[in-house]
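In what follows, every chain begins at residue 1, and chains take the letters A, B, ... in the order their sequences are listed.
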Amino acid sequence: MRHKRHRFGRRAREAMLGYALVLPSLLVFGAFIFYPFVKNFWLALYRTPPFPNLPRAWVGFSQYREVLTSHLFTNSFRVTIEFVLLTVPAGIVLGLALAVLAHQRMRGIAIYRTIFSSTVVTSVAVASLISLTLLNPQIGLLNYWLGRHGSLSPLDDPKWALVAVAGVTIWQNLGLSFIIMSAGLQAVPDELLEASRVDGAGTWSRFRNVTLPMLSPTLFFATIVGSILAFHSFGQIDLLTEGGPQDRTNVLVYAIYRTVFRENDDGKAAVLAVALFAVTLVLTMLQLRFLERRVSYER
Amino acid sequence: MSAEPATVAGALAPGFARFLMVVAALVAAAIVFAVVGWRARPSIAARARKINRYILLSVLAVIVLFPIFITVVNSLLPSDKIAARPPTLFPTHPLWGAYSQAWTQGHVGSYLFNSCVVTFFIVGGQLVTSILAAYAFAFLEFPFKRVIFVVFLATLMVPFEVVFFTNLQTVVSLGRVPLVGRFMGLDTYGALVIPFLATGFGAFLVRQAFLAVPRDLRDAAELDGFGHFRFMWRIAVPLARPTIAALGLFSFFDAWNQYLWPLVVTDKTRTVQVGLRQLSRVSLDQINVTFAGTVLAAVPLLILLLVFQKQLVRGLTAGAVKG
């Protein structure tokens with residue numbers, strides 16, 4: 001009897017400790033993730049008044065229809081998709097190429113590895129500032145070498161602005177891509193490659209039939225995380241183009257930012273934010289699936 | 001897609017043509033080495049292939065490093081020389097004045113200080129909350145544990161970019177509350193730090209590491225009269241150290257590189273990333289200060305990369321490679 005009561009008390013105490021340990025995180029999540037998330041849906045149903053202090057007018061789902069069919073949204077959505085397609089595949093291929101080249105026992109290879117990972121020290125802001133000056137029409141060296149000295153910077157050219165921003169982004173993320181791909185390559189067992197070499201497979205066929213399949217989880221992860229990052233790009237747009245020229249680089253996050261700060265329209269911004277959430281939801285679900293798979297590997 | 005190719009080629013500046021020639025020469029040398037390597041006897045062939053590899057790696061290294069290199073060079077030149085053509089690629093008389101100017105007049109010193117404070121508290125906070133929550137998920141039994149764990153994972157599905165302006169409204173209204181507003185309103189460290197004190201990803205990562213701690217250890221510790229906290233700090237955390245270090249570095253990068261949030265909640269308490277935005281708007285005769293500021297902003301992460309390269313790789317690839 002006594003023993004049983006002791007056990008019960010212990011279990012209750014364990015439960016209390018458990019709640020106490022998760023509570024700090026839950027408080028932060030509640031205040032800065034779940035509350036604003038729910039508030040977004042609520043804001044999206046009301047029209048923001050033209051002047052502050054006036055009451056919000058309930059407009060229901062008509063605001064969704066209005067915003068989602070507007071040029072602002074369709075343009076931003078298209079630009080964002082284009083940006084993802086410009087940056088993600090190229091970033092992965094380049095990172096993989098560098099990783100394959102640097103993946104061998106050679107004297108001094110560590111120096112090359114450090115150089116190839118070096119762009120991880122450049123934040124979005126640092127990378128943007130570097131390229132902003134490189135592409136400056138008066139002093140930009142890259143602009144000069146591209147034969148555009150004194151004329152329009154690619155960043156101000158509607159035809160090239162998005163490509164230029166994508167190029168900066170690819171360069172900035174190259175270090176990360178290289179590091180991820182190198183780690184993936186290191187996980188490919190040498191015996192497997194040795195075995196296929198003994199079987200007479202050439203370099204290319206070894207890469208295609210052994211390395212690439214073994215690398216597929218890494219490639220999958222890089223594609224998803226890269227796409228999520230690209231969907232949420234903001235800093236480089238803000239620093240390099242401010243969404244211009246002619247909205248050619250006005251990605252979704254930048255459109256939200258502008259709607260909030262230039263138009264003071266949080267109702268409209270909320271619809272855009274809900275849309276951004278919806279398009280990235282699929283990607284995050286895939287990422288969670290991947291993390292789950294990792295769980296099953298380990299347990 | 002491209003502009004008229006003829007005019008683009010025709011307009012190629014002499015500098016770029018020279019650059020192309022150097023690259024072409026290197027590629028040609030590489031091809032020669034490749035052919036020699038293929039024809040010659042194995043030992044020479046192997047050596048030639050090796051030289052070939054080095055040339056290729058070096059060319060790529062130069063291309064990757066060039067933007068950083070030219071930024072450092074330009075930060076050491078007077079403004080009028082930066083615009084001069086052909087460009088100066090090696091400063092013969094480096095001037096360090098731009099750095100002190102960036103540090104004081106450009107406020108890079110105080111921006112860096114702000115970034116350090118904010119990053120320190122975010123990383124520390126995330127490690128503590130993640131370890132505590134992970135311990136509960138890995139070692140304790142309590143009702144609704146699964147549900148709460150799913151709630152933690154659900155936070156991964158809400159990107160900060162989706163909620164930043166609603167959070168901004170929260171911060172603005174908290175700023176109006178007496179007392180609370182002093183450390184949680186606009187332009188405060190609290191506003192920069194508190195929303196990021198916990199992460200579902202971190203809790204998940206540490207939980208995985210804790211689950212790998214053998215159950216026997218827990219039982220043995222219990223027999224020795226270890227309470228939960230003693231077991232956590234003495235056994236579980238040390239065993240999970242590689243994961244925790246990786247998480248710390250990951251958080252550091254995330255916190256240090258934040259841009260959107262500091263931009264919207266601060267005006268004077270700028271972090272270095274947003275501070276650079278101000279530096280990008282100086283006039284061209286001050287442009288060497290911009291270059292110097294950019295270099296200064298990259299130094300902390302550069303040190304981190306050089307000192308913690310191994311852990312950093314783990315941190316940045318956390319979740320990418322199984323096991």
S.K.: In Å, rounded to the nearest 0.5 Å, how long is the span from CE of A:M106 to CG of B:L57?
M.R.: 5.5 Å
S.K.: Between A:L98 and chain B, which part of the residue has a heavy atom less than 4.5 Å away: side chain, backbone, both or neither?
M.R.: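 The side chain, not the backbone.
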S.K.: Using non-hydrogen atoms and a 4.5 Å limit, figure out which bit of A:Q104 sits close to chain B: side chain, backbone, both or neither.
M.R.: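 For A:Q104, the side chain is the part near chain B, not the backbone.
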S.K.: At a heavy-atom separation under 4.5 Å, does B:I70 approach chain A through its side chain, its backbone, both, or neither?
M.R.: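 For B:I70, the contact with chain A is made by the side chain alone.
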S.K.: Are the side chains of A:P36 and B:T170 in touch, meaning some heavy atoms are under 4.5 Å apart?
M.R.: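 They are not in side-chain contact.
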S.K.: Give me the one residue out of B:I148, B:T129, B:T155 that meets side-chain contact (heavy atoms from CB on, under 4.5 Å) with A:L26.
M.R.: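 Only one of B:I148, B:T129, B:T155 forms a side-chain contact (heavy atoms from CB on, under 4.5 Å) with A:L26, namely B:I148.
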S.K.: So, taking the atom named OG1 in A:T119 and the one named CG in B:L305, what distance separates them when rounded to the nearest 0.5 Å?
M.R.: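 That separation rounds to 10.0 Å.
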S.K.: Side chain, backbone, both or neither: which part of B:L263 has an atom under 4.5 Å from a heavy atom of chain A?
M.R.: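 B:L263 touches chain A through side-chain heavy atoms alone.
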S.K.: At what distance, to the nearest 0.5 angstrom, does CG of B:L140 lie from CZ of A:R13?
M.R.: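 Nearest 0.5 Å value for the CG-CZ distance: 12.5 Å.
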S.K.: Supply the atom-to-atom distance B:M157 CE to A:I33 CD1, rounded to the nearest 0.5 angstrom.
M.R.: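 Output value for this atom pair is 11.5 Å.
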S.K.: Is any side-chain heavy atom of A:V22 closer than 4.5 Å to a side-chain heavy atom of B:F149?
M.R.: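 Contact flag for A:V22/B:F149 side chains = no.
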S.K.: So what's closer than 4.5 Å to chain A heavy atoms on B:L260: side chain, backbone, both or neither?
M.R.: both
S.K.: Chain B heavy atoms under 4.5 Å from A:Y112: which part of the residue, side chain, backbone, both or neither?
M.R.: side chain
S.K.: So which part of A:S118 gets closer than 4.5 Å to some heavy atom of chain B, the side chain, the backbone, both or neither?
M.R.: both
S.K.: What part of B:S58 lies closer than 4.5 angstrom to a heavy atom of chain A: side chain, backbone, both or neither?
M.R.: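 It is both, since atoms from each part get that close.
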S.K.: Can you tell me how far apart CD1 (B:I194) and CG (A:L27) are? Round to the nearest 0.5 Å.
M.R.: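 Between B:I194 CD1 and A:L27 CG, I get 11.5 Å after rounding to 0.5 Å.
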S.K.: Need one label for A:L142: side chain, backbone, both or neither, based on atoms under 4.5 Å from any heavy atom in chain B.
M.R.: neither
S.K.: Please flag which part of B:V274 lies under 4.5 Å from any non-hydrogen atom of chain A: side chain, backbone, both or neither.
M.R.: neither
S.K.: What part of B:Y54 is in contact with chain A, defined as an atom under 4.5 angstrom from a non-hydrogen atom: side chain, backbone, both or neither?
M.R.: both
S.K.: If the test is side-chain contact (heavy atoms from CB on, under 4.5 Å), which one of A:L276, A:L272, A:L281, A:I256 qualifies with B:V162?
M.R.: A:L276
S.K.: Please flag which part of A:L101 lies under 4.5 Å from any non-hydrogen atom of chain B: side chain, backbone, both or neither.
M.R.: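 It is both, since atoms from each part get that close.
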S.K.: Is any side-chain heavy atom of A:L43 closer than 4.5 Å to a side-chain heavy atom of B:T166?
M.R.: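 Contact flag for A:L43/B:T166 side chains = yes.
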S.K.: Verify whether the ring centers belonging to B:F152 and A:F29 lie closer than 6.0 Å.
M.R.: yes
S.K.: Heavy-atom distance under 4.5 Å to chain A: side chain of B:I131, backbone, both or neither?
M.R.: neither
S.K.: Check the pair A:N40, B:F165 against side-chain contact (heavy atoms from CB on, under 4.5 Å), reporting the backbone distance first and the verdict last.
M.R.: CA-CA 9 Å; A:N40 258 349; B:F165 64 95; 3.4 Å; yes
S.K.: Looking at A:L174, A:I228, A:I109, A:V260, which makes the most heavy-atom pairs under 4.5 Å with chain B?
M.R.: A:V260
S.K.: Sort B:P143 into side chain, backbone, both or neither according to what part of it lies under 4.5 angstrom from a heavy atom of chain A.
M.R.: both
S.K.: Any heavy-atom pair between the side chains of B:V64 and A:F178 that's under 4.5 Å?
M.R.: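 They are not in contact (no side-chain heavy atoms under 4.5 Å apart), so the answer is no.
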S.K.: Between A:T114 and chain B, which part of the residue has a heavy atom less than 4.5 Å away: side chain, backbone, both or neither?
M.R.: both
S.K.: Which atoms of B:T294 are under 4.5 Å from chain A, going by heavy atoms: the side chain, the backbone, both sets, or neither?
M.R.: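 B:T294 touches chain A through backbone and side-chain heavy atoms alike.
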S.K.: Is it the side chain or the backbone of A:L134 that comes within 4.5 Å of chain B heavy atoms, both, or neither?
M.R.: side chain
S.K.: For A:A269, which atoms come within 4.5 Å of any heavy atom of chain B: side chain, backbone, both, or neither?
M.R.: both
S.K.: Let me know if A:A270 has heavy atoms under 4.5 Å from chain B in its side chain, its backbone, both or neither.
M.R.: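 For A:A270, the contact with chain B is made by backbone and side chain together.
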S.K.: Who among A:V28, A:V225, A:L23, A:D238 has the most heavy-atom pairs with chain B under 4.5 Å?
M.R.: A:D238
S.K.: So B:F142 and A:Y19, would you call those rings parallel, tilted or perpendicular, with 30° and 60° as cut-offs?
M.R.: perpendicular
S.K.: Would you say A:F261 and B:L168 make side-chain contact, with heavy atoms under 4.5 Å?
M.R.: yes
S.K.: Atom OG of A:S117 and atom CG of B:L306: how far apart are they, to the nearest 0.5 Å?
M.R.: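 The OG atom of A:S117 sits 10.0 Å away from the CG atom of B:L306.
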